[in-house]
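For reference, the structure is listed below as structure tokens.
The first residue of the sequence shown is numbered 1, and numbering continues consecutively from there. Side-chain atoms are counted along with the backbone in the values below, which use heavy atoms only and exclude waters and symmetry mates.
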Amino acid sequence: MSFGKEKRTILFTGYPAMGGALTFEAFKKVADAAKKAGFTHMDLGSAMVERATWQLDNNGRYREGYDFYPEYTAVFADPFKFHCPDPLKKHLPADRIARNGRELKRRAAYLAKIGLKGSLIGAFPQWLPESVYEEHPEWRGPRCDMPFRSRRAYFAPCVDRKEVLDLFREASRALGHLAPCLDTLIFMTNDSGTGMCWNEDSYPGKNGPEFCRERPMTERVTGFLNVLESGLATKDPLAYNATQGFWCFSGKLSPHAGNMRREKIYFVRPPQDKPVAFENPLSMLEELENAVSGNADVIVVNVEQTQLMMKEDGVYCRLFRKFRDTPTHGPTERILFLKELIAEMNLDRGNHLLDAWQFLYRGVDDTSLRRLFYYSVFLYGCMSARFLVRPFVPMPELLTEEEKSYYKKYVFDSLDRPDFELDLLNIHGLRNEFMGRTLEEAERGVICWNSILSSLSMARSSLKLALKESSNAGKPYLEDSIRRVGALLCFAGNLRNCCRFQAMLDRAKNTGFSNLANSDRLENVMRDEIDNAQELIRLLEESAPAPLLPTASSPEEETTFLFGPDLVDQLRMKQKIMLRHWRDSQILFEFKNRFNQI
């Protein structure tokens with residue numbers, strides 16, 4: 001591994017509006033750690049000081065008919081969020097964009113000062129406001145939204161038009177001026193409100209204006225990438241577009257159709273699903289090995305909540321430095337590597353921490369969460385569908401608007417159909433195979449979640465054993481790890497209970513009272529979920545030097561992708577409403593129970 005030598009090795013801190021926000025002082029500390037760990041680049045997306053609320057309905061404030069789909073677009077960096085070209089100044093908030101530009105300049109200057117280069121990882125070309133196309137109808141390019149998740153159509157600009165390319169050329173020059181150390185742009189071009197004309201992977205299908213239908217995709221993409229590179233001030237600029245969702249992807253990027261660049265770009269992202277961030281050293285080593293064995297030209301390492309996870313003397317920072325000098329090859333060497341690392345850091349006198357990391361790997365990577373579900377199941381389910389704070393009640397149709405008011409406005413559901421709102425297995429507008437399309441799949445999901453919970457429980461038990469035997473040097477790390485694994489257990493337990501509860505509700509609708517679905521079993525799940533919420537409350541309220549998960553700084557800034565600062569109050573409200581509706585289980589099953597099944 002050649003951190004800082006032949007390859008571009010980029011530390012990616014995630015997206016600010018999805019919990020990856022970094023103050024300038026925190027950015028400097030993370031940059032210092034990245035430099036010490038051997039990175040050559042650091043992503044500058046954190047210079048977006050806020051999500052782009054101008055891309056949202058009602059400036060990002062919920063109201064009836066709110067379209068959640070642009071919430072994706074609003075969190076992703078693109079050139080027009082750091083520089084507003086002159087022709088767009090009447091359509092975009094140039095003053096707020098200029099503020100982002102000033103912050104980009106400040107952060108880039110610090111990277112240059114310590115000898116790091118910059119990158120920008122985002123999604124573009126993003127859709128533009130309809131007012132742009134009213135003034136310039138010929139600029140309208142492909143429809144780029146996801147039809148079943150959006151309330152209306154959104155259109156990206158057509159990069160086959162010279163005038164549109166000129167907008168990006170101006171923005172590229174501005175980026176080069178603001179951040180002379182910026183030399184790498186890596187971005188999605190088929191997801192989150194982005195698109196190119198006549199791309200077969202577009203969510204609405206191949207589409208675009210008729211005039212460019214026959215233009216080869218290679219010409220279209222090459223022309224766009226060349227324009228993006230044209231203004232960057234470095235000797236060897238790289239613009240590369242791909243198709244993966246960068247917020248959760250790990251592995252080799254698949255280039256966008258028409259992208260003929262030869263660079264092999266790998267994302268290294270151990271499963272560390274938002275919003276809980278935790279270290280997964282065994283998986284980190286595996287993903288680094290995958291990148292090295294693939295002879296990557298560019299390695300992007302994604303570390304969530306970098307201000308907590310990338311301290312100069314922390315586990316990840318020490319791991320990167322050690323891997324740079326002594327890379328591993330295969331599972332056995334990884335275990336030996338980590339045993340040495342633990343001893344060097346004086347974290348544990350025995351093997352308990354090493355055992356914990358292996359149980360953690362088993363639960364979230366090797367055999368369970370990553371393989372059976374998907375990277376973002378906590379983000380989409382627990383947070384964006386608000387399963388974590390929504391009450392599990394036997395007859396959800398009885399909930400009043402007041403009872404739903406604290407969570408409903410953050411539940412990502414653009415279609416706003418009542419049956420979606422009443423379905424705990426609905427995630428962003430549909431059921432899918434990961435959580436269960438049918439009650440039978442949901443019941444199989446319960447078995448899978450039990451396996452995950454078992455592995456996480458063993459990881460926590462091993463951490464507690466390590467804490468008992470640890471020297472003072474290792475205690476803060478172990479105590480923090482116990483809290484974080486405890487939170488993972490709460491999130492996984494919440495999703496397990498979703499599958500259990502909704503499967504019983506489905507059986508109640510289809511077959512009525514049965515051994516698999518009855519008021520006793522339903523109430524057992526309700527009790528488990530109430531207790532699960534209480535354990536998370538305890539962890540959140542526990543005094544600790546670092547927050548357990550990121551939250552918005554004020555209730556007004558809570559979003560579908562970020563819990564509010566009153567999360568504990570919302571969990572208590574969930575408990576209160578569930579207890580208020582406890583007897584609804586008897587009504588649902590027509591007062592049949594194990595004493596009276598007639």
Side-chain angles (χ1 to χ4, degrees), residues 363 367-369 371-374 377-378 380-382 385-399 411 417-427 429-457 489-535 574-575 577-598:
T367 59
S368 298
L369 182 59
R371 313 296 180 189
L372 298 172
F373 296 93
Y374 52 83
V377 67
F378 289 164
Y380 283 171
C382 296
R386 284 304 193 270
F387 294 156
L388 196 69
V389 298
R390 284 167 66 176
F392 290 17
V393 294
M395 301 181 71
E397 64 272 18
L398 298 182
L399 290 174
V411 176
R417 283 170 47 184
D419 54 327
F420 288 165
E421 181 184 325
L422 304 181
D423 186 357
L424 281 172
L425 294 182
N426 174 269
I427 295 180
L430 83 166
R431 286 191 177 191
N432 56 53
E433 65 271 24
F434 302 109
M435 283 292 284
R437 293 164 296 189
T438 65
L439 66 89
E440 291 82 7
E441 286 184 353
E443 289 169 341
R444 178 59 61 89
V446 172
I447 298 172
C448 298
W449 281 115
N450 283 336
S451 173
I452 293 168
L453 288 163
S454 175
S455 294
L456 293 177
S457 293
L489 280 161
C490 292
F491 276 70
N494 173 247
L495 291 172
R496 188 268 309 270
N497 288 340
C498 280
C499 292
R500 293 168 70 194
F501 200 75
Q502 191 61 51
M504 287 189 209
L505 293 186
D506 289 352
R507 284 193 180 276
K509 293 175 185 175
N510 296 333
T511 62
F513 184 94
S514 72
N515 290 331
L516 294 175
N518 55 59
S519 56
D520 294 341
R521 291 174 67 94
L522 204 62
E523 289 170 7
N524 285 340
V525 181
M526 293 172 69
R527 172 57 191 266
D528 190 74
E529 182 60 18
I530 287 173
D531 291 346
N532 190 57
Q534 188 60 41
E535 174 61 10
K574 169 180 181 161
Q575 293 173 315
I577 293 171
M578 288 177 67
L579 290 169
R580 186 185 303 156
H581 287 270
W582 190 274
R583 287 279 292 174
D584 291 356
S585 63
Q586 296 291 322
I587 300 172
L588 177 66
F589 289 103
E590 300 177 342
F591 296 94
K592 293 179 182 178
N593 52 51
R594 69 177 183 274
F595 303 109
N596 176 17
Q597 299 182 18
I598 300 174

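The backbone N or O of Leu453 sits less than 3.5 Å from a side-chain atom of Ser457, completing a donor-acceptor pair. Under the 3.5 Å distance criterion, the side-chain polar atoms of Lys574 are matched with a main-chain donor or acceptor of Phe387. Side-chain atoms of Arg390 never come within 3.5 Å of backbone atoms of Leu424 as a donor-acceptor pair (strictly under, hydrogens ignored). Put simply, the side chain of Asn432 gets close to the backbone of Met435: a donor and an acceptor are under 3.5 Å apart. Within the 3.5 Å criterion, the main-chain N or O of Cys490 finds a donor-acceptor partner in the side chain of Asn532. Arg521 contributes a side-chain N or O that, together with a main-chain N or O of Leu516, makes up a donor-acceptor pair within less than 3.5 Å.
Not counting sequence neighbours, the partners of Glu535 by the salt bridge (charged side-chain N to carboxylate O under 4.0 Å, His left out) test are Arg538.
Residue Arg431 places its CZ atom among more than 12 non-hydrogen atoms of other residues, nucleotides or ligands, all under 6.0 Å distant. Heavy atoms from other residues, nucleotides or ligands lying under 6.0 Å from CZ of Arg580 number more than 12.
By the 30° and 60° cut-offs, the orientation of the rings of Phe501 relative to Phe392 is tilted.
Between Trp582 and Ile530, the closest heavy-atom pair is CZ3-CD1, 3.9 Å. Here the closest non-hydrogen pair linking Ala442 and Ala503 is CB-CB, 4.1 Å.
Checking Asn497 against Arg500 by side-chain atom types alone, a donor-acceptor pair falls below 3.5 Å.
Separating the CG atom in Leu439 from the CE atom in Met504 is a distance of 11.5 Å, to the nearest 0.5 Å.
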